[in-house]
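Please read the structure below before turning to the comments.
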Amino acid sequence: MVYMAPSIHQLQDAWMPELPEVETLRADLDREILGHSFMQAEVIQSRMTRGQGLEEIAHRIRGQVVRAIGRRGKFLLVHLSSEDTLLLHRGMSGNILLELRRDPVKEHQHMSLELDDGRFLTVYDPRGFGEIRVLDPAAVAERLALMGPEPLGPAFSAEYLARRWASRTAPLKTLLLNQSMVAGLGNIYADECLWAAELSPSRPAGAVSLAELATLRHRIQEVLSEAIECRGTTFSDAMDLYGRPGTYQHHLQVFHRAACPRCRGQIQQIRVANRGTSLCPACQR
DNA sequence: CGCGAGACCTGATAGC
DNA sequence: TGCTATCAGGTCTCGC
């Protein structure tokens, strides 16, 4: 069966919360709301709270000062003066926006937090695959316990990948998307990194040499760093804290492209790990 | 335990 | 135009 890639138009209203997009959000929040307090908190829907009560979440946010903003993989962590942490995940379609005034609650709005200067931090997520919870330090640690190393951190090495992937038969891409192997890669950046490393997404992970893993690790760090500099990937809709797009979509080399920029061959669309996958069959082995 | 398929949702689009 | 089928950037769980 042939997997037909959607046209670029089908992606127009999509926004992509992988590591670079969440990191952009973290840095902006750090600049904008660090040291501010939440005067009011309203949690509107229960779909993303994993059973935590709406009023409990609101109560634990209300009156708290923002002590630090962190990120782990695709999780955004707003550390509060109470020692609690507001844990946010954008899922497939979540947007977190800083708004200058109070607007009526919109469709798909999940949360509205009023800051001490009259601005509002709001969360929208049509598909509701994201997560909104307030957790104590032990619960945060438990939630993040299985996450692999940060790809831009010191623990992420070729030797680490070799150890974790030894004798694994799953496709490379499947394990790159597995957050317990490495934290923060999603479908777009997995494809981009594999193209940059000239590795096939369907190669059994255990069959990749240490030298190839070293290249892969290096390319992952390059791709993510450049994407962060570009404030992430956006096709047209709002994406950062201010509703503005990133620019990395102009730097994509393989994801949903027609021709390979390296060899001019045709980009192939297949399915790996049940996900649409773009690759250059000539370059990627 | 590792692996793959399907589920969870809503919205956009292509095709009839 | 209005229906249906298919697709979507992320996890999570289930069965083999």
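Letters A, B, ... are given to chains in the order of the sequence lines, protein chains preceding strands, and every chain is numbered from 1. Keep in mind that this is a model prediction, so the values were computed, not measured.
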Could you spell out the base pairing of DNA chain B as a dot-bracket line? Use Watson-Crick and G-U wobble contacts where both distances are under 3.5 Å, [ ] for crossing pairs, | for partners on a different strand. .|||||||.|||||||

dG9(C), dC3(B), dG11(B): which one has an atom nearest the side-chain heavy atoms of E107(A)? dG11(B)

For F75(A), the ring pair (Phe, Tyr, Trp, His ring centres under 6.0 Å) test, sequence neighbours excluded, returns H89(A)

Pairing residues for S37(A) by the side-chain contact (heavy atoms from CB on, under 4.5 Å) criterion, not counting sequence neighbours: M39(A), V65(A), D116(A)

Nucleotide by nucleotide, nucleotides 11-16 of chain C touches protein heavy atoms under 4.0 Å in the pattern (B base, S sugar-phosphate only, - none) BS----

Sequence-distant partners of H79(A), ring pair (Phe, Tyr, Trp, His ring centres under 6.0 Å), two or more places apart: none

To the nearest Å, give me how far apart CE (M48(A)) and P (dG10(C)) are. 15 Å

Scoring nucleotides 4-9 of chain B by protein non-hydrogen atoms under 4.0 Å (B base, S sugar-phosphate only, - none) yields SBB-BB

Nearest whole Å is fine: how far is dG10(C) P from D191(A) CG? 10 Å

Test ring pair (Phe, Tyr, Trp, His ring centres under 6.0 Å) applied to H251(A) - qualifying residues, sequence neighbours left out: Y248(A)

Nearest whole angstrom, please: distance from the P of dC3(B) to the CH2 of W165(A). 12 Å

Take K173(A) and N187(A), measure what side-chain contact (heavy atoms from CB on, under 4.5 Å) needs, and give me the verdict at the end. CA-CA 9 Å; K173(A) 177 167 174 177; N187(A) 205 39; 2.6 Å; yes

Could you work out, with side-chain contact (heavy atoms from CB on, under 4.5 Å) as the rule, every residue matching P261(A), not counting sequence neighbours? W195(A), Q253(A), R257(A)

dG11(B) P sits how many Å from D125(A) CG, rounded? 11 Å

For R71(A), which residues count as a salt bridge (charged side-chain N to carboxylate O under 4.0 Å, His left out) partner, sequence neighbours excluded? E23(A), E150(A)

Report the residues that fulfil side chain to side chain donor-acceptor pair (under 3.5 Å) with S209(A), sequence neighbours left out, ordered by chain and then residue number. E212(A)

Looking at H108(A), I'd like to know whether one of its side-chain N or O atoms comes within less than 4.0 Å of OP1 or OP2 on dG11(B). yes

Whole-Å P distance, dA5(B) and dC7(C): 14 Å

List in chain and number order the residues that pass side chain to side chain donor-acceptor pair (under 3.5 Å) with R31(A), two or more places apart in sequence or in another chain; answer none if no residue qualifies. D28(A)

Heavy-atom closest contact (S202(A) atom, P171(A) atom, distance): CA-CB, 3.8 Å

My understanding is that only residues two or more places apart in sequence, or in another chain, count here; which of them pass side chain to side chain donor-acceptor pair (under 3.5 Å) with D117(A)? R119(A)

